[in-house]
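Inspection log for the structure reproduced underneath, given as C-alpha cells.
Proteins come first, then strands; the chains are lettered A, B, ... in the order of their sequence lines, and each starts at number 1.
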6 protein chains.
Amino acid sequence: MSNPVQLVPNNSLITKTPEEGRQLAVKMARLIIKITQPDEKVRESLRPDYANDASMLISIGQVVATEFATIAAANNYWR
Amino acid sequence: MSNPVQLVPNNSLITKTPEEGRQLAVKMARLIIKITQPDEKVRESLRPDYANDASMLISIGQVVATEFATIAAANNYWR
Amino acid sequence: MSNPVQLVPNNSLITKTPEEGRQLAVKMARLIIKITQPDEKVRESLRPDYANDASMLISIGQVVATEFATIAAANNYWR
Amino acid sequence: MSNPVQLVPNNSLITKTPEEGRQLAVKMARLIIKITQPDEKVRESLRPDYANDASMLISIGQVVATEFATIAAANNYWR
Amino acid sequence: MSNPVQLVPNNSLITKTPEEGRQLAVKMARLIIKITQPDEKVRESLRPDYANDASMLISIGQVVATEFATIAAANNYWR
Amino acid sequence: MSNPVQLVPNNSLITKTPEEGRQLAVKMARLIIKITQPDEKVRESLRPDYANDASMLISIGQVVATEFATIAAANNYWR
C-alpha cells in the first residue's frame with residue numbers, strides 16, 4: 001500500500017475539451033497537496049489560510065497555470 | 001451541481017487576436033481564484049490587499065504571463 | 001467601455017528585432033499591473049516599494065523573462 | 001563517493017503511464033531536496049514545517065508541476 | 001531619449017556557445033533590473049541585500065534559468 | 001579576467017544520460033549563485049540558512065527543475 005492516491009485521474013492527460021482539461025489541471029494540483037499532507041483534517045484546517053489570503057490564491061493560480069500548460073500541449077490545444 | 005463555474009470561457013483557447021488572447025489569459029487566471037474562494041464578498045475584501053501591494057501585483061503578472069504562454073502557443077502566436 | 005486599456009501594443013507579438021521584443025515584454029508586463037491597479041496615483045506610490053527592494057526587482061525580472069519567452073517563440077527567436 | 005544519490009530513478013524519463021510519470025516527478029523533486037540537505041534527521045524535522053503550511057504545500061505543487069512538464073514532454077504526453 | 005539602455009546585447013539571442021548563451025542570460029536579467037531601478041547608486045546599495053541572502057540568490061537563479069531556456073531554444077541548444 | 005567562472009561545465013548541454021543531465025542542472029544552478037556571490041566564505045555561511053529551511057529547499061528544487069527542463073529538451077529527452 002505504498003501510494004494509494006491516484007495522482008492522474010483516469011491515468012490520462014487527454015480530455016475532450018479545454019474546460020475538462022482545466023478541471024484536470026485543478027485536480028492534479030490538489031492531488032499533490034493531498035499526498036504531501038495526507039491528513040484530511042489538517043488539509044481542511046489549512047483551507048481558511050489560503051482561501052482568505054490573496055497571495056496564496058495567486059500562487060494557486062500559478063500552479064494551475066503550469067499544470068494546464070502541460071495538459072493543453074498534450075491535447076494539441078484542442079485545435 | 002459540482003462545478004457551476006466555467007473555467008475556460010467559450011470552452012476554447014483559440015482567439016482572433018493577441019489582444020483577445022491576453023484578455024482570455026486574465027480571465028482564466030481570475031476564474032481559478034473564483035473557484036478556490038467562491039465567496040464573492042471575501043474576494044472583494046481581498047482586492048485592496050493585492051491592488052495596493054507591489055509584490056502581489058507582480059505575482060499576478062507572473063500568473064497571467066504563464067496562462068498567456070499557453071494561449072499564444074495554442075494560436076500559433078497569431079502569425 | 002469594458003476594458004479601455006490595450007493589453008498587447010499593436011495587437012501583435014511580432015517584432016523586427018529581439019530588442020523590440022524585449023521592450024514589448026516589459027510593456028506587456030506593466031499593462032497587466034495597470035489593469036489590476038487602474039489608479040495611476042496608487043501605481044506611482046508603489047514605485048519606491050519595488051524599485052528599492054531587491055526581492056521585488058528580481059520578481060519583476062522573472063515576469064519579464066516569462067513574457068519574453070513567449071514573444072521570442074512567436075518570432076522564431078529572430079534567427 | 002562524490003554523489004551516492006541517484007537523482008533520476010532508473011536513469012530514464014520514460015514511463016509507461018501518466019500516473020507513473022507523475023510519481024517520477026514527485027520522486028525527482030524530493031531527490032533534489034535530499035542532496036541539498038543530506039541529513040535525514042534534519043529532513044524529517046522539516047516535514048511538519050511544510051506539511052502544515054499552506055504556502056509551502058502550494059510551492060511543492062509548483063515544483064512537481066514543473067518536473068512533470070518535462071517528463072510529460074519526454075513521453076510525448078502518452079498520447 | 002526614451003529608453004537609452006539596450007536590453008538585448010548585440011540585439012541577438014544567437015551565441016556561438018552554451019557558455020556565451022549563459023552569460024547573455026545573466027546580462028539580460030540584470031538589464032531588466034537596470035531599467036526598473038535606473039539609479040546606479042541605489043542598485044549598488046541593494047547588492048549586499050541580495051548577495052548575502054540565500055533566498056534572493058535562489059530567486060536570481062530562477063530568473064537566469066528562465067532567460068537561459070529561451071536563449072538555448074533560440075540556438076537549437078547548440079546541438 | 002572578466003568572468004573567470006565557467007558557467008556551463010564542458011560548455012555543452014549534451015549529456016549521455018538523464019542522470020548526468022540532472023547533475024548538470026544542479027551544477028549550473030549553483031554556478032549562478034557562485035558568480036552572484038563570489039565570496040566562498042559567505043556562500044558557506046549561507047548554507048545552514050537554506051539547508052535547514054523547508055521553503056528555500058523547495059525553491060532550490062524549482063530552480064533545478066527549470067534548468068533540467070532546458071537540458072532535457074537539448075538532449076531530446078534521451079529517448
Side-chain angles (χ1 to χ4, degrees), chain B residues 6 8-10 12-37 40-79, chain C residues 2-15 21 24-78:
Chain B
Q6 190 176 23
V8 182
N10 298 319
S12 172
L13 301 181
I14 308 305
T15 70
K16 283 186 200 152
T17 64
E19 180 70 22
E20 288 179 29
R22 195 75 171 164
Q23 290 171 356
L24 178 58
V26 172
K27 282 180 200 160
M28 285 174 63
R30 288 181 180 160
L31 286 163
I32 294 302
I33 297 197
K34 191 172 181 178
I35 59 159
T36 312
Q37 176 45 271
E40 193 181 342
K41 284 185 187 170
V42 176
R43 288 201 310 276
E44 281 305 307
S45 74
L46 294 175
R47 172 170 283 275
D49 288 0
Y50 64 79
N52 298 300
D53 182 294
S55 181
M56 285 195 229
L57 287 168
I58 296 165
S59 295
I60 288 168
Q62 186 68 42
V63 177
V64 172
T66 306
E67 299 285 15
F68 184 67
T70 302
I71 293 166
N75 288 278
N76 279 316
Y77 305 98
W78 303 275
R79 278 182 204 131
Chain C
S2 60
N3 199 151
V5 177
Q6 190 175 22
L7 298 178
V8 182
N10 298 317
N11 203 357
S12 173
L13 301 181
I14 308 305
T15 70
L24 179 57
V26 172
K27 282 180 199 159
M28 286 174 62
R30 288 181 180 161
L31 286 163
I32 294 302
I33 295 194
K34 190 171 181 179
I35 60 159
T36 312
Q37 176 45 271
D39 188 327
E40 194 181 341
K41 283 185 188 170
V42 175
R43 288 202 309 276
E44 281 305 308
S45 75
L46 294 175
R47 172 171 283 275
D49 289 1
Y50 64 79
N52 298 299
D53 182 295
S55 181
M56 284 195 229
L57 287 168
I58 296 165
S59 296
I60 288 167
Q62 186 68 43
V63 177
V64 172
T66 307
E67 299 286 14
F68 184 67
T70 301
I71 294 166
N75 288 278
N76 279 316
Y77 306 100
W78 302 274

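Every residue meeting the side chain to side chain donor-acceptor pair (under 3.5 Å) condition with B:Thr15, not counting sequence neighbours, appears here in chain and number order: B:Trp78. Residues satisfying the side chain to side chain donor-acceptor pair (under 3.5 Å) criterion with B:Ser59, sequence neighbours excluded, are absent altogether.
Proximity to chain B at a heavy-atom threshold of 4.5 Å picks out C:Asp49, C:Tyr50, C:Met56 from residues 47-58 of chain C, in numerical order. Of residues 65-75 of chain C, those residues lying under 4.5 Å from chain B by any heavy-atom pair are C:Thr66, C:Glu67, C:Thr70, C:Ala73, C:Ala74.
C:Ile14 touches chain B through its side chain: at least one heavy atom from C-beta onward sits under 4.5 Å away, while N, CA, C and O do not.
When the shell of 6.0 Å around CD of C:Glu44 is examined, it contains more than 12 heavy atoms from other residues, nucleotides or ligands.
When all heavy atoms of B:Arg30 and C:Ile35 are compared, the closest pair comes out as NH2-CD1, 4.4 Å. Shortest non-hydrogen contact noted between C:Ser12 and B:Pro18 is CA-CG, 3.9 Å.
At a threshold of 4.5 Å between non-hydrogen side-chain atoms, the residues C:Leu31 and B:Arg22 do not count as touching.
Each of C:Val63, C:Asn11, C:Leu46, C:Asn10 has some count of heavy-atom pairs under 4.5 Å with chain B, and the biggest count is that of C:Asn11. Among B:Val26, B:Thr17, B:Asn76, the residue making the largest number of heavy-atom pairs under 4.5 Å with chain C is B:Thr17.
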